[in-house]
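Numbering of ligands and ligand atoms starts at 1, following listing order.
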Amino acid sequence: MPQKPIIFVTRRLPDAVTHRLTSAYEARLNEHDGVLSPDQLVTGAEGADALLVTPTDKLTAEVIGRLPKSVKMIATFSVGYEHIDLNAAKARGLPVSNTPDVLTDATADIALLLMLGAARRAYEGERAVREATWKSWSTTYMLGIHMTGKRLGIFGMGRIGQAVAKRARAFDMQIHYFNRRRLAAHLEHGAIYHASADEMLPLCDFLSINAPGGPETHHWLNTERIARLPDRAIVVNTSRGPLVDDNGLTAALKSGKLFAAGLDVFENEPNIHPGYRELPNVFLLPHLGSATVETRNAMGFKALDNLDAFFAGQELPDRVV
Ligand code: 8YV
């Protein structure tokens, strides 16, 4: 029987995924699930035919350059791939796959949770009940901002942005969007396209960030852009933390320029900007966008589909490079 390909798996995977992985491959697992250093990534890859990685693995040009020759493919357990230097992978002839589509709904659900949580003061309310500081019902107690019927701006109208829009339409929101390219008319469902994100910002009672990370969008939401938003706007981010300049956002939440924010992703996770922890008007989640049993299994299976295709000599279904 031919030898099974060796897969170096950098983080622990859901059980169902590990089961399928280990029946098809010789899997080198990270039982402790610790985040691996560049040296550990290189050492762990010794003799492996492919890597199954996650966004906590920083596959810089330097790390990719040091990978052993045995490595022939990289599959990432994520839709985002800004943690992989694609040019370096391409230069080495290493195909890279990701896991689009299967996490779209789960991530869009979290965006809506953040919008409601921020607008309706879910964190403050939860805390008041738990800490018994809630004394009595009153007509003016803990008033939030109405979401139904408001204008929502979506920065990045890819799969997840469109799924956010679909959900927001159920709240009768008027959808505005910025995207590098305008969507085909049948995908817009009435959403209003803006060729300039800066011109869209003054119309956003709510702003949802759904664009990919990377150098092009680094600190996109900065103090100047926040100033363009209407006063008391609400910002949510389910894409990548570095799209937001944390100093600018914390200052705007503190000053009251923004009513609230909802954040599932942060620069330098999990060591987030300490200012957020102090603010009552930010609803915080620990990168749970795709964190459902169904979604994480589907992401793992998709990564395996790509590895299977590669080792069968077929085209990768989700090839990034
Ligand atoms: C994942 C994500 O949970 O897929 C992505 O790009 O950001 C998340 O939803 C995370 O990357 C873990 O693999």
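Every atom of ligand 1 is numbered from 1 in the order shown, and the set under 4.0 Å from a heavy atom of F77 is 12 (C), 13 (O). Remark: ligand 1 atoms within the under-4.0 Å shell around heavy atoms of S290 are 1 (C), 3 (O), 8 (C), 9 (O). Per-residue contacts place R296 under 4.0 angstrom from the following atoms of ligand 1 (heavy atoms of the residue considered): 3 (O). Of all atoms in ligand 1, listed by their number and element, those nearer than 4.0 Å to a heavy atom of R240 are 2 (C), 5 (C), 6 (O), 7 (O).
For the pair S78 and ligand 1, the shortest N or O to N or O distance does not fall below 3.5 Å.
Looking at heavy atoms from C-beta onward, L113 lies in side-chain contact with F283 at the 4.5 angstrom threshold. A 4.5 Å side-chain heavy-atom check between H273 and F266 finds every atom pair outside the cut-off.
Contact annotation: T107 has no heavy atom less than 4.0 Å from any atom of ligand 1. The shell of residues lying under 4.0 angstrom from ligand 1, judged by heavy atoms, includes M299.
Ranking the protein heavy atoms by distance from atom 11 (O) of ligand 1 puts P55 CG, 2.9 Å first. The single protein non-hydrogen atom nearest to atom 4 (O) of ligand 1 is V79 N, 2.8 Å, given as residue, atom name and distance.
Between R232 and D205 there is no salt bridge, since no side-chain nitrogen of the basic residue lies less than 4.0 Å from a carboxylate oxygen of the acidic one. In this structure, E31 does not pair ionically with R12, as no charged nitrogen and carboxylate oxygen lie closer than 4.0 Å.
For the atom pair OG1 of T238 and CG of L103, the computed distance is 10.5 Å after rounding to the nearest 0.5 Å.
Note: F178 and F155 have parallel aromatic rings, judged against thresholds of 30 and 60 degrees for the angle between ring planes.
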